[in-house]
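A short worksheet on the structure shown next.
Just so we're on the same page: letters track the sequence lines, and every chain starts at 1.
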Protein chains: 2
Amino acid sequence: MPDGVLPRKSVSTKSARRRAGRPLHALLGHAQITSAALKLVSKDGYKALTMSSLAKSLNVAPSALYNHVRSKQDVLVLVEEALMGRVDVTAFANRPWAEAVSVWARSYRNVFSAHVPLIPVIALLPVTNASQTLLMYDAVTKGFLRAGWPQEHIIDAIVALESFIYGSAYDVNAPADIFSPGDLAGQTPNFTAAVAHRSNQHGANDADAAFELGLSALIAGLSATIQKPAL
Amino acid sequence: MPDGVLPRKSVSTKSARRRAGRPLHALLGHAQITSAALKLVSKDGYKALTMSSLAKSLNVAPSALYNHVRSKQDVLVLVEEALMGRVDVTAFANRPWAEAVSVWARSYRNVFSAHVPLIPVIALLPVTNASQTLLMYDAVTKGFLRAGWPQEHIIDAIVALESFIYGSAYDVNAPADIFSPGDLAGQTPNFTAAVAHRSNQHGANDADAAFELGLSALIAGLSATIQKPAL
DNA sequence: TAATCTAAATGAACGTCATTCATTTAGTGA
DNA sequence: TCACTAAATGAATGACGTTCATTTAGATTA
């Protein structure tokens, strides 16, 4: 062993340079990537979720990720699936329909209000082979069937509820002064007055009030629109 | 005039090189930028709307745009404003409340279903000094007031409706097979059956059916939730 | 056992994009 | 007349997603 002062393989505490080539045990997998992505997003938001930062947090070169996902979109899909598993569908098993929908919708909005950049992904991507997503939809459908809903309208009702939930998730992130009219207040007196009235009630941008109002309206309306004629 | 064969200032049909420096008359303005951006988006979608392509379509260097907008986000706001002016609020002037809301909501969804990348912009940006947007909100608010709605609930109702509209705009762009369960059909029998039932009814992904169902439910529910107690 | 194939890593490179900056020219106000 | 501002060019920058050649390790096959 000639002139060996610098150890080639160090077991040092800090990020020992890994040499090229397949490592002895795999460093990456869907689970690791998903978990690291979620941690990044939780700490610094979606702006911080880049392939580089993701790789760095996994102590790996960016290109290594592409052995496990085809694109960044794939990473987002992994995260989406993980989050879908957190949506509470338990109420559909044993609670009355209206209450179950309430619990589910609130949970759904709560989960994704911190993940609005995923909404385009969820809304536009086929659910094919997305197990958590499919399990959620199946539980919801089962709850609708249990409540006596006609099968041919269930998907439309779920889609309508989901549309409202997605929109409401955006709303949670709106700034408090989103409806402040500025210099044009004088030209929009009706709106300006209504905004002022609302500000007096709750703080300023109470997304929750609008969500609860819309949710109960949707539930009541759906119930009346579909179930009544079936009686 | 020595050896002048190549004209310095050509009036040729094709893109005569403009030399540096302020031109005799301004080439750009908010109106030109907005119109060019809308044309680009209409032809090739939002993926094609880059600062470079926008500049090229205006026959200008990309950096010239920054004399008129601070960022690409500013361009999106200009486009949003232009589109808000296309939303039909006329029904609030002379039609019954429920019908007016229907007309407005359909128009709103129709306008933005071809512009879903703007939804995060609309949903998260203050309306301050956005005249078209404010005029729309004012007309809607006026319609609610005319129908006897209590002022303190109007904004919440509008926000709830908008949330549904935004979500529904995404839905329009979902692929036809978005609910195809793939290999996991066996594990989600309730959902799979409901999806199959729906496919038999309308074509496949009929976003319109879900929208109409949700819209009438929301309108009925809002009307009952708010107006009834006031009687 | 040797040869071959595939999996999983590195690191260099690329192309696209939004944005900034120095520079140039034209109008405007003191 | 002089300074200032407006509006253009063109070069440069820094992210970011992605690809590719290369390296190494394990798995399969002859």
Side-chain angles (χ1 to χ4, degrees), chain A residues 8-11 14-37 40-41 44-79 117-118 120-121 125, chain B residues 8-10 14-34 36-37 40-41 44-79 117-118 120-121 125:
Chain A
R8 294 279 295 185
K9 264 184 189 172
S10 101
V11 203
K14 290 275 179 180
S15 68
R17 283 280 163 274
R18 189 175 16 254
R19 72 186 198 280
R22 181 178 182 171
L24 298 112
H25 58 283
L27 302 166
L28 297 180
H30 284 180
Q32 287 85 356
I33 292 174
T34 306
S35 151
L40 269 180
V41 165
D44 300 312
Y46 276 84
K47 226 202 67 183
L49 179 59
T50 67
M51 295 303 270
S52 293
S53 66
L54 184 55
K56 183 168 287 180
S57 80
L58 287 160
N59 201 20
V60 141
S63 53
L65 293 167
Y66 290 86
N67 288 319
H68 302 268
V69 295
R70 283 186 306 273
S71 63
K72 183 179 180 180
Q73 168 96 350
D74 268 16
V75 175
L76 296 180
V77 172
L78 288 176
V79 172
L118 289 183
V121 178
L125 204 86
Chain B
R8 293 280 297 186
K9 264 182 190 172
S10 99
K14 290 275 178 180
S15 68
R17 282 281 161 275
R18 189 177 14 253
R19 71 187 199 280
R22 182 177 182 172
L24 299 111
H25 58 284
L27 301 167
L28 297 179
H30 283 181
Q32 288 83 356
I33 292 174
T34 306
L40 269 180
V41 165
D44 299 313
Y46 276 84
K47 227 202 65 182
L49 179 59
T50 68
M51 296 303 270
S52 294
S53 66
L54 184 55
K56 182 168 287 180
S57 80
L58 287 159
N59 201 21
V60 140
S63 52
L65 294 167
Y66 290 85
N67 288 319
H68 302 267
V69 296
R70 285 185 305 273
S71 63
K72 183 178 179 181
Q73 167 95 350
D74 268 17
V75 175
L76 296 180
V77 172
L78 287 176
V79 172
L118 289 183
V121 178
L125 204 87

Q | Donor/acceptor link under 3.5 angstrom from N67(A) side chain onto base of dA9(C) | A |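 Yes, the side chain and the base share a sub-3.5 Å donor-acceptor pair.
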Rounded to whole Å, please give me the gap between [atom1] in [X] and [atom2] in [N].
{"X": "K56(A)", "N": "dC16(D)", "atom1": "NZ", "atom2": "P", "answer": "10 Å"}
{"X": "L65(B)", "N": "dT9(D)", "atom1": "CG", "atom2": "P", "answer": "9 Å"}
{"X": "M51(A)", "N": "dT16(C)", "atom1": "CE", "atom2": "P", "answer": "19 Å"}
{"X": "Q32(B)", "N": "dA7(D)", "atom1": "CD", "atom2": "P", "answer": "11 Å"}
{"X": "L54(A)", "N": "dC16(D)", "atom1": "CG", "atom2": "P", "answer": "12 Å"}
{"X": "Q73(B)", "N": "dT19(C)", "atom1": "CD", "atom2": "P", "answer": "9 Å"}

Nearest-neighbour nucleotide for the [X] side chain, [options] considered:
{"X": "S71(B)", "options": "dT9(D), dT10(C), dT19(C)", "answer": "dT19(C)"}
{"X": "Y66(A)", "options": "dA9(C), dT20(C), dT19(D)", "answer": "dT19(D)"}
{"X": "P62(A)", "options": "dT19(C), dT18(D), dT9(D)", "answer": "dT18(D)"}
{"X": "R18(B)", "options": "dG17(D), dT9(D), dA9(C)", "answer": "dT9(D)"}
{"X": "K72(A)", "options": "dA8(D), dT10(C), dT18(D)", "answer": "dT18(D)"}
{"X": "S63(B)", "options": "dA8(C), dG10(D), dA7(D)", "answer": "dG10(D)"}
{"X": "L28(B)", "options": "dA8(D), dT19(C), dA9(C)", "answer": "dA8(D)"}

Q.
List the residues meeting salt bridge (Lys or Arg N to Asp or Glu O under 4.0 Å) with D44(B), not counting sequence neighbours, and say none if there are none.
A. none
Q | Pairwise salt bridge (charged side-chain N to carboxylate O under 4.0 Å, His left out) hits with a residue in residues 51-60 of chain B, at least two apart | A |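 Listed once each, the pairs would be none.
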(Q) Does T50(B) reach a base, just sugar-phosphate, or nothing at all? Heavy atoms under 4.0 Å. (A)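 Since only primed, P, OP1 and OP2 atoms lie under 4.0 Å of T50(B), the category is sugar-phosphate.
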Q) Are L49(A) and L76(A) close enough, and set up right, to give a side-chain contact (heavy atoms from CB on, under 4.5 Å), and what steps lead you there? A) CA-CA 10 Å; L49(A) 179 59; L76(A) 296 180; 3.9 Å; yes
Q) For S53(B), which residues count as a side chain to side chain donor-acceptor pair (under 3.5 Å) partner, sequence neighbours excluded? A)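 S53(B) satisfies side chain to side chain donor-acceptor pair (under 3.5 Å) with T50(B) once adjacent residues are dropped.
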Q) Dot-bracket for DNA chain C: what is it, with Watson-Crick or G-U pairs under 3.5 Å, [ ] where a pair crosses earlier ones, and | for a pair to another strand? A) ||||||||||||||||||||||||||||||
Q) Is the shortest side-chain N/O distance from H68(B) to OP1 or OP2 of dA8(D) below 4.0 Å? A)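 Looking at the OP1 and OP2 atoms of dA8(D), one of them is under 4.0 Å from a side-chain N or O of H68(B).
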Q. Would a distance-only check, ignoring hydrogens and angles, find a side-chain to backbone donor-acceptor pair under 3.5 Å from S35(A) to A31(A)?
A. no
Q. Among pairs that include at least one residue of residues 69-79 of chain B, which meet side chain to side chain donor-acceptor pair (under 3.5 Å), considering only residues two or more places apart or in two chains?
A. none
Q: Report the residues that fulfil side-chain contact (heavy atoms from CB on, under 4.5 Å) with A36(B), sequence neighbours left out, ordered by chain and then residue number.
A: L54(B), S57(B), L58(B)
